[in-house]
Participant: 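Quick one: this structure, given as structure tokens, is what I'll be asking you about.
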Amino acid sequence: MTTVIDGKQVAASVIDAVKTASQALKDQAGVKTGLAVVIVGNDPASHAYVSSKSKMAKECGFTSVQHTLPEETTQEELAALVQTLNKDESLHGILVQLPLPKHLNSEPIIQSILPEKDVDGLHVVNAGKLATGDLDGGLVSCTPAGAMVFVKRTHGEDLSGLNAVVIGRSNLFGKPMAQLLLAANATVTIAHSRTRDLAAVCRNADILVAAVGRPEMVKADWVKPGATVIDVGINRIAAPERGEGKSRLVGDVAFEECAEVAAVITPVPGGVGPMTIAMLMANTVIAAYRKAGKTAPKF
Ligand SMILES: NC(=O)c1ccc[n+]([C@@H]2O[C@H](COP(=O)([O-])OP(=O)(O)OC[C@H]3O[C@@H](n4cnc5c(N)ncnc54)[C@H](OP(=O)(O)O)[C@@H]3O)[C@@H](O)[C@H]2O)c1
């Protein structure tokens, strides 16, 4: 029987643990965890993401600050806001919602966030800590951290002897995911658009993680029988069967057919997606514990 991971349920359990941790920090050290979320411009999808992040932060008992800046905000104005938030002792996490409007350069903005407040895990210091195996010192990018929760709940903390294949090599997901798997002792292959015979590479995977952005690319005959398949892709495709002009979300994995071969698989939607926001909350409370000089909880 194939296990379909319920990402909403796992995310809810992480959120419960975050709530407990933030309350304990308040009780023991008098510290209220604080998260600032910055959004620039009018992109409706980004606004929806940001308001759910701010709402979740409040539910976790955090101080939740949202800065909504107009489309015409300049690079200097945004940089100045980040500096102000860096200096604010009541804030432990800063998230600048991406993508920024085209006239703004996101990289210097992300790199100007203090690494210890970079709860998105995108600062080079945090990427470097992960790359050097320092998992307890930095902050890990939220989506790979969330996908890794699934892997560890399925296989335990030690992945010795298991082959893992990550399709995709982005800084946001593929590279940090590969490093997390490596840190847990898996034998890791990173595949990408230049990989030869991708299907054969994937068939070797006990743990197959797809983060490509191509609808239902991974087919059943790419999957090793009994493998764990983690689908990170979010692709909107036309769904004429639901009516004219309708669409639906699918992952990078052809779910129905792969579920017949895999032992464990994540659906889209409802798999990795809900974990991203949960791990953002986890990173924020971890940052608050560290600032208070306390041992941070693990999620
Ligand atoms: N919250 C979430 O659930 C969440 C978060 C982040 C991302 N995502 C989703 O995950 C997917 C990937 O995101 P991303 O930011 O990592 O994307 P990205 O930066 O576009 O990277 C995609 C990767 O896929 C590789 N690729 C493209 N076509 C390929 C092919 N035909 N065969 C093998 N590899 C191929 C690319 O290889 P090259 O490097 O060679 O070009 C690249 O490394 C997207 O669908 C995104 O929406 C979801």
Side-chain angles (χ1 to χ4, degrees), residues 5-12 14-15 37 43 45-53 56 95-100 106-107 110 119-122 126-127 130 139-151 164-181 188-205 208-219 221-223 229-237 247-255 258 265-283:
I5 292 178
D6 183 345
K8 280 191 194 152
Q9 200 178 54
V10 180
V14 171
I15 291 294
V37 182
D43 179 57
S46 293
H47 273 271
Y49 287 136
V50 160
S51 59
S52 55
K53 286 169 185 172
M56 186 61 87
L95 178 142
V96 177
Q97 183 67 39
L98 302 176
L100 290 171
S106 58
E107 204 44 35
I110 298 303
V119 283
D120 243 351
L122 299 177
N126 286 318
L130 178 60
L139 292 163
V140 179
S141 178
C142 301
T143 307
M148 200 60 194
V149 171
F150 292 161
V151 172
V165 173
V166 181
I167 320 174
R169 56 175 162 176
S170 66
N171 291 331
L172 183 69
F173 186 86
K175 282 181 199 147
M177 185 73 213
Q179 277 151 356
L180 287 170
L181 290 160
V188 183
T189 304
I190 306 177
H192 46 76
S193 68
R194 309 297 175 92
T195 298
R196 194 173 298 160
D197 200 353
L198 183 57
V201 171
C202 292
R203 269 195 295 276
N204 193 36
L208 177 60
V209 185
V212 184
R214 289 185 175 249
E216 302 179 321
M217 183 181 86
V218 175
K219 306 296 184 202
D221 64 354
W222 297 28
V223 176
V229 178
I230 310 283
D231 190 354
V232 183
I234 304 177
N235 309 290
R236 188 165 284 286
I237 61 165
S247 64
R248 65 188 174 98
L249 290 182
V250 296
D252 291 340
V253 173
F255 179 83
C258 291
I265 191 164
T266 63
V268 176
V272 174
M275 293 301 286
T276 301
I277 206 167
M279 299 317 288
L280 173 68
M281 301 303 134
N283 274 349

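We count ligands from 1, going down the list as the structure has it; atoms in each ligand are counted the same way.
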Participant: Looking only at non-hydrogen atoms, find the nearest pair between A282 and V14 and report the distance.
Facilitator: CB-CG1, 4.4 Å
Participant: Would you mind telling me which of V250, I265, V268, D231 makes a side chain to side chain contact (heavy atoms under 4.5 Å, CB included) with F255?
Facilitator: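 Of the listed residues V250, I265, V268, D231, the side chain to side chain contact (heavy atoms under 4.5 Å, CB included) partner of F255 is I265.
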Participant: Which residues satisfy the side-chain contact (heavy atoms from CB on, under 4.5 Å) test with N171, sequence neighbours excluded?
Facilitator: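 Expected list: K175.
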Participant: Of the non-hydrogen atoms in G168 and I190, which two are nearest, and what is the gap between them?
Facilitator: O-CG2, 3.6 Å
Participant: How far apart are the C-alpha atoms of L95 and L280, what are their side-chain angles, what is the distance that settles it, and do they pass the side-chain contact (heavy atoms from CB on, under 4.5 Å) test?
Facilitator: CA-CA 9 Å; L95 178 142; L280 173 68; 3.5 Å; yes
Participant: Does any N or O in the side chain of D252 come within less than 3.5 Å of the main-chain N or O of E216, such that one atom is a donor and the other an acceptor?
Facilitator: no
Participant: Do any nitrogen or oxygen atoms of ligand 1 lie under 3.5 Å from a protein nitrogen or oxygen, and which ones?
Facilitator:
from     : atom 1 : to   : atom 2 : distance (Å)
ligand 1 : 1 (N)  : T276 : OG1    : 2.9
ligand 1 : 10 (O) : V232 : O      : 3.4
ligand 1 : 16 (O) : S170 : OG     : 2.5
ligand 1 : 28 (N) : R214 : NE     : 3.0
ligand 1 : 34 (N) : S193 : N      : 3.3
ligand 1 : 37 (O) : S193 : N      : 3.2
ligand 1 : 39 (O) : R169 : NE     : 2.7
ligand 1 : 40 (O) : R169 : NE     : 3.3
ligand 1 : 40 (O) : R169 : NH2    : 2.8
ligand 1 : 40 (O) : S193 : N      : 3.2
ligand 1 : 40 (O) : S193 : OG     : 2.5
ligand 1 : 43 (O) : R169 : N      : 2.8
ligand 1 : 45 (O) : I234 : N      : 3.1

